[in-house]
Amino acid sequence: MDDVIFLYDQAIEHIVRLHGFRSSKRRDLGDAGDVQDDVDSVADLLAKRDLLTFSASLRNFAESAKAVQEIRQLRVPTCKLIVPPQPPYFVDSGETLSLYQVLSRIIHSHTVSILRSSYDFHLLVAKTEEELFSIPSQPITESETILLVQTEQDPVTILALRTLVQIACSFLGPVSERLHIIQRGDR
């Protein structure tokens, strides 16, 4: 049971980190542009690491807790991008994947991109130098955090991070109750 509790704790820790990341904004550290770029780049790298650890921990928790059937039943809606980029930058695609499939795609991905501002969406679709250099002149607006996940076998999967976190929480609640995992402060 200790390994199940460890995996539960690890999944919860990374949900908190991912939720914090998606709640933060780019470029909110003042006028130090180069430093802000470095901070934003490191934040993206840490978020990708946390996403990978979260996915592995949650999937391993489901397997250890004998809750694979439950995690396969939960559906995560996918998104599609609006091209050319304009608010809200993405819409629901009408398609879904199981939470287990999403976690597996994240674990096996060779590319993960995180989009959370108009700048990120414009950068993604810029094809010419002119388009690329025109991006900074546009006002940067915040967007819901979107993940683009690419594996060797699957097409690009586009997900809203908030939705992924919410669905993971809806899985963890009933399973932790069934296993009688008590809150951290009570252990």
Side-chain angles (χ1 to χ4, degrees), residues 1-25 43-81 88-116 120 142-187:
M1 184 66 167
D2 286 344
D3 58 335
V4 173
I5 291 173
F6 171 78
L7 291 167
Y8 173 82
D9 286 347
Q10 199 168 33
I12 292 293
E13 175 185 342
H14 286 87
I15 284 174
V16 170
R17 289 172 183 253
L18 291 169
H19 179 64
F21 173 78
R22 66 157 290 279
S23 299
S24 70
K25 293 183 168 117
D44 283 353
L45 288 172
L46 291 172
K48 289 175 184 179
R49 179 203 64 188
D50 291 339
L51 182 65
L52 181 60
T53 306
F54 156 76
S55 299
S57 299
L58 188 59
R59 194 177 82 169
N60 289 342
F61 171 76
E63 291 168 354
S64 297
K66 297 179 180 22
V68 172
Q69 200 58 20
E70 289 100 317
I71 204 169
R72 286 183 191 269
Q73 290 175 351
L74 290 171
R75 306 304 294 176
V76 179
T78 61
C79 304
K80 62 182 178 180
L81 299 179
Y89 303 105
F90 69 95
V91 293
D92 186 340
S93 72
E95 298 176 12
T96 63
L97 297 170
S98 75
L99 179 55
Y100 192 89
Q101 284 176 297
V102 168
L103 299 174
S104 295
R105 286 186 185 190
I106 293 168
I107 292 167
H108 297 291
S109 65
H110 59 74
T111 305
V112 173
S113 298
I114 298 173
L115 311 175
R116 50 190 205 143
D120 297 327
E142 299 304 316
S143 168
E144 184 62 46
T145 302
I146 298 298
L147 306 172
L148 278 73
V149 179
Q150 177 70 54
T151 67
E152 288 183 16
Q153 298 177 348
D154 300 304
V156 173
T157 303
I158 305 171
L159 309 158
L161 181 57
R162 179 181 186 181
T163 303
L164 176 60
V165 167
Q166 289 173 331
I167 292 171
C169 289
S170 74
F171 165 73
L172 284 169
V175 175
S176 65
E177 285 179 24
R178 178 172 52 83
L179 296 172
H180 306 290
I181 296 176
I182 56 176
Q183 292 180 355
R184 273 188 161 193
D186 298 334
R187 291 188 206 150

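Note: I146 CD1 to R22 CZ = 10.0 Å, rounded to the nearest 0.5 Å. We find the CD-OG distance between Q150 and S113 to be 9.5 Å, quoted to the nearest 0.5 Å. For the atom pair CG of L161 and CG of L115, the computed distance is 11.5 Å after rounding to the nearest 0.5 Å. S64 OG to I5 CD1: the interatomic distance, rounded to the nearest 0.5 Å, is 11.5 Å. Rounding to the nearest 0.5 Å gives a distance of 11.0 Å between CD1 of I106 and OG1 of T151. With values rounded to the nearest 0.5 angstrom, R17 atom CZ is found 5.5 Å from R49 atom CZ.
The side-chain heavy atoms of T78 and I158, taken from C-beta on, include no pair separated by under 4.5 Å. Two residues are said to be in side-chain contact when any heavy atoms from C-beta on lie closer than 4.5 Å; Q101 and R75 meet this criterion. The shortest side-chain heavy-atom distance between L164 and S55 does not fall under the 4.5 Å cut-off. The side-chain heavy atoms of V112 and L52, taken from C-beta on, include no pair separated by under 4.5 Å. In this structure, the side chains of K80 and V91 come closer than 4.5 Å at one or more pairs of heavy atoms. Between R116 and Y89 the shortest side-chain heavy-atom distance does not fall below 4.5 Å. Counting only heavy atoms from C-beta outward, the side chains of T53 and E13 never approach each other to under 4.5 Å. Within the 4.5 Å cutoff, no side-chain heavy atoms of T163 are placed close to those of L159.
Shortest non-hydrogen contact noted between A47 and L18 is O-CD2, 3.7 Å. Of all heavy-atom pairs between F21 and A43, the closest is CE1-O, 3.6 Å. Considering all non-hydrogen atoms of both residues, L172 and A11 come closest at CD1-CB, 4.4 Å. The two residues D44 and I114 come nearest to each other via the heavy atoms O-CD1, 3.9 Å. Looking at every heavy atom in both residues, L103 comes nearest to R59 through CD1-N, 3.9 Å. Shown here for P155 and R105, the closest heavy-atom pair between the two residues is O-NH1, 4.3 Å.
Panel note: side chain E177, backbone I181; no donor-acceptor pair is recorded below 3.5 Å. Distance alone, capped at 3.5 Å, places no donor-acceptor pair between the S109 side chain and the V149 backbone. Of the possible donor and acceptor atoms, one in the side chain of H14 sits under 3.5 Å from a partner among the backbone N and O of Q10.
No more than 12 heavy atoms of other residues, nucleotides or ligands shown are found within 6.0 angstrom of CD on E95.
Ring geometry for F61 versus F171: interplanar angle over 60°, hence perpendicular rather than tilted (30 to 60°).
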